[in-house]
Each structure stands twice: as structure tokens, then as C-alpha cells.
Amino acid sequence: MTFGGNMKKNLIEELRWRGMLHDLMPHTEEQLQKEMTTGYIGFDPTASSLHIGNLVQIMLLKHLQLAGHKPIALVGGATGMIGDPSGKSAERQMLSEETLQKNIDGVRKQLANFLDFDCGENSAELLNNYDWFKDFNLLQFLREVGKHITVNYMMAKDSVKNRLESGISFTEFSYQLFQGYDFYWLYKNKNCKLQMGGSDQWGNMTTGSELIRRKDSGEAYVVTSHLITKSDGTKFGKSEQGNVWLDPKMTSPYKFYQFWLNVDDKDLPKLLRFFTLFSKEEIENWEKEYATNPNALKKILAEDVTRRVHSEEALKEAQKASDLLFGKSTWTDFENTEEALLQEVFDALPPQCVKTFSTTDFESFATNYDLISQVMNTSKGDIRRLVKDNGISINKDKVTHTQGDAKPEYKFLKDKYLLLQKGKKEYFVVIIEN
RNA sequence: GGGGAGAUUCCAGAGCGGCCAAAUGGGAAGGACUGUAAAUCCUUUGUCUUACGACUUCGCAGGUUCGAAUCCUGCUCUCCCCA
């Protein structure tokens, strides 16, 4: 039951025990056992970076490759221009071509990080469907694609059905044909027989399989994964600031690491299985060992994901920052930290949380309220409220109302840093430069 | 082309001449309790201000009125129904 002697794992089994498998077409397993199979997942460039939600799909491709098959990551340069109606209750805004191009570039770069592109016959490939759609004219499309799929079939898809009340444009209605043709094209040109994706993509994906059957009487398979949701039912991957992105410029590795440390206990079993590559035994052993210490598990999770998405160095920095910024760190801890390390820690903070002032600029703040609202970029009323609720600290000391109106007078850390906190978790740093 | 409904603060959604900076819910923020968790509780959620109050908001532009989110006129946009 091996092929080429290099089969490592049964993909479907792997996805099953991880709880990722949602649905698959009949005979998919046989196909995967029979030979090295090429499978693809499409990513629409709706933003200039992928986010944590997309990471599940990336993991699918990763598992595919680890099981000895060949993954293709497809950037939807063409389909992104149309807009997938799946899961959307209203017509979406079209992106300008300029934004789209920027997004495609960003997404391409990230995808390239996760897969092995140089490991022999099952090396990964990165493609853009714009390449085969750009010269495809409308008449050709209608004759070659449209003719094979009935409107009845298309209307039966949930993504379309759900929109019949609220309205759906022809553009979004036709989305599934484009995605379907992607699959067909890959089938013809890359011998791709498998498409994977989130469970919300089932409808779109089966259209492709259908097209392959009708046009070529070919067999092509579809596997879907569960969409990751939080135990409280809200959307996963949103933090206070919105989406958690994979781009370090949009979500700093520090924030990223913190995100995983802060997940709900109840989500841990699922997250460890979805987002790490550890084996069943490893995960189960840890869960036994740390049954009463979920923070240890979170650390394992956060470390692994941060390392793979960013890098070992980024992880180290994020951890250094976390150690200093959290826990029981005191003012003296900061003073005793050498400057180079402090610098690193502050670098790990999101850029908007670090402000540099000249001495004269700093002198020009009449009150602490002025200073704080400037640094934290919030209204003074807000800061007053926070101070009233004990929510602001400077240099690890709570700011009181009377202090708030006083002129800022501080002992600077290493003669140049001032440490502000909003709540317990959010740090801001002022750097004084001459 | 004809007819109807609607546009309110981050979102949903009340208000339908003064007591409206605008109910309620959600979200978000801070605090307490903890484990940088969850649940719970408390507070806050237009701007400024020594919270007394001042100023700017209810699709856009005008108008009526002592006074408008609320009434009138025009415009823009969205949705529904009929052709």
C-alpha cells in the first residue's frame, strides 16, 4: 500500500485524529493510497497578508506534503477579482486592481514560507490562477465551462441559495465556475486530482470535480476541513485589534505569541491538533502531564506556532519581551536589565506603542494627561476614565488623578525610557532622544 | 418605467417636535477575582472640561419653528414588489 516507497502517513487518518476532517468524496482514500497525488488549495488575496484562519488551510497542504503527496498553493489573482459569495450575507466591495496586486504579492510570499519547494518529486508549487484566466475570453469561457454546468446545479449550492433573498450579483454567482475551472486546469496541466479547503468551500469545490467529470470523464476528489471556531462560538483569530495576521508588520511576533498564550483553555485540545505538527502521542502525553496546568500547554502551542510562522529568533524575542513585560516584573527588574535586551524587548512591541520624543518635546507636555493621551493615541476623556479606574501606570506606578494634572516628572529608565501601561497587558514606551 | 420600505452613535436596533449625546442588546476598554484563562461582578463607551457645563453628532443640502434625530422640500444611496 505504498507508492514510490516514500509514503510516510495516511493523510486522511492524520486529519481524522486531529479532528480536522470534515468531509470527503468517496474513494478519496483509495486515490491517496494508490499513488503520489497532487492536491491544491486556493487562497483569495482579499488582504495583503494571510491570517490565522488561513493557517488551517496551510496546515492541510503541509500534511498533504508530509504524507508524501504534492501540494499546490494557488493564489486567486483571478477569483479575487470576482468575490466568493460563500459565507457572505451581502455583496462584497470589489478591490481595486492595484490593491489586488499588492495583496497577491503579499500572500504569495507568505505561502512560500510554509511548504518545501525543494524536496524532489513532491516539491510544492505556487501558482496564480490569473495566469490562465487572463487570456481566456468570455465566449470561450461560456462555451468551455458554462456549457457543462447547469444553472440549476449552481443554484442548489448553499452559498447561492442563502443569497437568493438578499440578492446576489451575476459576478459572485459565477464564482464557483471560476474556482471549478481552476480545478479543471490543474487537473489537465498538473495532474492535480485533489482539492482541499474549509467546509464552507464544499460547494465551490464539488463544482470543479463535476466539471472534470463532465468535460473529461475524469475523477477528482475533494476533502474539506472543519472551520476553526472558538468554544464560545465567536470567530477564531480575532484579537482586540482585529485579525491576527501572519505578516510581522501587521501583527508583531510578540503580539502573535501573546495571542496563543491567551487562548481559551477549552480550545486548547483543538488548537494543539490543528496548528502544531506534533504527533498524537506527544500531544496526548502533554495533555496528561499538564492536565492541571493549561498554561504549560499554551506555551507549547504558542512556541511552536510562532516558530513556524515567524522564526526561532522572533520567538526568542517575543518570549524575552513576554517574560519582562508580564509576570511579576517590577521596576527594579527593568532597571537591572541590560540596555541591549531592553531595546530588543521594546522592538518587539507593536510599532504604534513606541514613541520617540526629544527632550524639548517632552518638556512641552503640560500635564501627564497630555502626555498619556498623546502616547496612547486616545482622547483625554478616555485617559481620565482609565485613570479613575486605576488603569494607567507609568514606570509600574499607578497614576492617580492628582498626578494626572501635574507636569510629567520622572526618573527615566536608563536615562531615556519611560514605561507606560494601559491595563495590565498593554505596554507603551516613550524614548527620549537628544 | 411604476409602487413601497428604509438610511440613527463600533454593530444590531429603539426614538418620531422639547426631559436626546439619544433606550436596549452585542462588541470593546478598565477594574475586582484568577492562571497573561474562562465564568461572574462593577465601571466606562462623541469631543473638550477642575463631570458644573460647553461644543459637534442621527445619509447629504436647504427650510419651517423659540426649539428638530423627529415636520417640509430637494438630492444621494440601499432593499422589496410590479412592468
Side-chain angles (χ1 to χ4, degrees), chain A residues 88-94 162-169 172 229-244 252-272 287 290-303 305-306 315 318-330 333 345 348-350 352-353 366-370 372-394 396-407 420-428:
Chain A
K88 295 278 183 294
S89 55
E91 192 80 8
R92 59 167 79 187
Q93 199 61 41
M94 281 213 278
N162 294 340
R163 288 277 293 279
L164 288 181
E165 279 290 310
S166 61
I168 180 169
S169 68
E172 287 194 17
T229 50
K230 292 206 284 187
S231 55
D232 59 10
T234 58
K235 215 171 172 184
F236 179 81
K238 300 265 181 189
S239 74
E240 312 81 60
Q241 280 90 7
N243 262 323
V244 177
S252 71
Y254 163 76
K255 281 264 166 202
F256 186 85
Y257 179 74
Q258 284 288 325
F259 170 82
W260 295 100
L261 280 189
N262 280 310
V263 297
D264 192 330
D265 289 5
K266 283 181 289 207
D267 291 323
L268 260 175
K270 190 160 54 179
L271 297 179
L272 281 166
E287 283 176 343
Y290 299 119
T292 55
N293 183 6
N295 278 347
L297 288 173
K298 286 184 196 177
K299 202 159 176 232
I300 292 171
L301 173 70
E303 279 180 11
V305 182
T306 308
L315 167 66
Q319 283 184 315
K320 271 184 215 158
S322 299
D323 285 346
L324 195 57
L325 263 25
F326 284 94
K328 301 153 276 299
S329 73
T330 60
D333 289 337
V345 169
L349 291 173
Q352 66 274 18
C353 296
T367 66
N368 276 310
Y369 282 138
D370 290 330
I372 298 165
S373 76
Q374 174 80 220
V375 172
M376 301 194 181
N377 198 20
T378 24
S379 69
K380 268 188 224 172
D382 248 333
I383 298 298
R384 270 169 209 282
R385 256 175 253 122
L386 286 165
V387 165
K388 208 177 87 191
D389 290 340
N390 250 330
I392 301 282
S393 314
I394 294 185
K396 287 279 173 180
D397 266 336
K398 295 284 183 201
V399 175
T400 63
H401 181 58
T402 33
Q403 275 174 300
D405 278 321
K407 191 160 169 62
L420 320 217
Q421 269 171 285
K422 176 175 163 227
K424 290 184 264 217
K425 295 196 196 172
E426 218 171 329
Y427 276 83
F428 295 84

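Since this is a predicted model, take the numbers as computed values, not measurements. Letters A, B, ... mirror the listed sequences (proteins, then strands); counts begin at 1.
Nucleotide B:U40 forms a Watson-Crick or G-U wobble pair with B:A32, both donor-acceptor distances falling under 3.5 Å. In this structure B:G1 sits in a base pair with B:C82, meeting the Watson-Crick or G-U test at under 3.5 Å. The partner of B:U24 is B:A12, by the rule that a Watson-Crick or G-U pair needs both atom distances under 3.5 Å. B:C71: Watson-Crick or G-U partner is B:G63, with both key distances under 3.5 Å. Across the strands present, B:G17 finds no partner; the criterion is a Watson-Crick or G-U wobble pair with both atom distances under 3.5 angstrom. Under the Watson-Crick or G-U wobble criterion, with both distances below 3.5 Å, B:A51 has no partner in any strand shown. With a cut-off of 3.5 Å on both Watson-Crick or G-U wobble distances, the partner of B:C77 is given as B:G6.
Computed from coordinates, the A:Ile300 CD1 to B:A37 C1' distance equals 16 Å when rounded to whole Å. Computed from coordinates, the A:Glu426 CD to B:A28 P distance equals 14 Å when rounded to whole Å. Atom C1' of nucleotide B:G30 and atom CZ of A:Phe428 are separated by 13 Å, given to the nearest angstrom. Atom-to-atom, CG of A:Leu386 to P of B:A28 comes out at 16 Å; the value is rounded to the nearest Å. In this structure, the NZ atom of A:Lys422 is 13 Å from the P atom of B:A28, given to the nearest Å. Atom NZ of A:Lys298 and atom C1' of B:G35 are 8 Å apart (whole Å). When rounded to the nearest whole Å, the span between CG of A:Asp265 and C1' of B:U34 equals 11 Å. Distance, A:Asp267 CG to B:U36 P: 19 Å, rounded to whole Å.
A distance of about 24 Å separates the C1' atoms of B:U65 and B:A54, rounded to the whole Å. Comparing B:G25 with B:U43, their P atoms are spaced 12 Å from each other, to the whole Å. Nucleotides B:G30 and B:U24, compared at atom C1', are 23 Å apart to the nearest Å. B:G59 and B:C10: their P atoms are spaced 13 Å apart (whole Å). Atom name C1', nucleotides B:U45 and B:A23: the rounded distance is 15 Å, in whole Å. One C1' atom belongs to B:A21, the other to B:A14, and the distance between them is 15 Å to the nearest Å. Nucleotides B:A61 and B:U76, compared at atom P, are 15 Å apart to the nearest Å. Between B:U64 and B:A69, the two P atoms lie 16 Å apart (nearest whole Å).
Under a 3.5 Å cut-off, the side chain of A:Gln403 and the backbone N or O of A:Thr400 do form a donor-acceptor pair. Remark: side-chain polar atoms of A:Asp389 are not paired, donor with acceptor, to backbone N or O of A:Gly391 under 3.5 angstrom. The closest donor-acceptor contact from the side chain of A:Tyr427 to the backbone of A:Leu325 lies under 3.5 Å. Listed for the A:Asp323 side chain is no donor-acceptor partner under 3.5 Å among the backbone atoms of A:Lys320.
Residue A:Lys424 places no side-chain N or O under 4.0 Å from the OP1 or OP2 atom of B:A29. Contact annotation: A:Ser322 side-chain N/O to B:U36 OP1/OP2 distance is not under 4.0 Å.
For the salt bridge (charged side-chain N to carboxylate O under 4.0 Å, His left out) test, residues two or more places apart in sequence or in another chain that qualify with A:Asp265 are A:Lys298.
Taking the side chain of A:Asn295 as heavy atoms from C-beta on, and the options B:G30, B:G35, B:C48, the nearest nucleotide is B:G35. Side-chain proximity of A:Ser379 to B:C48, B:A29, B:A37: nearest is B:C48. For A:Lys380, whose side chain is taken as the heavy atoms from C-beta onward, the closest listed nucleotide among B:U43, B:C48, B:G35 is B:C48.
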- When you check every protein heavy atom under 4.0 Å of nucleotides 50-58 of chain B, what one-letter string (B, S, -) results, 5' to 3'? SB-------

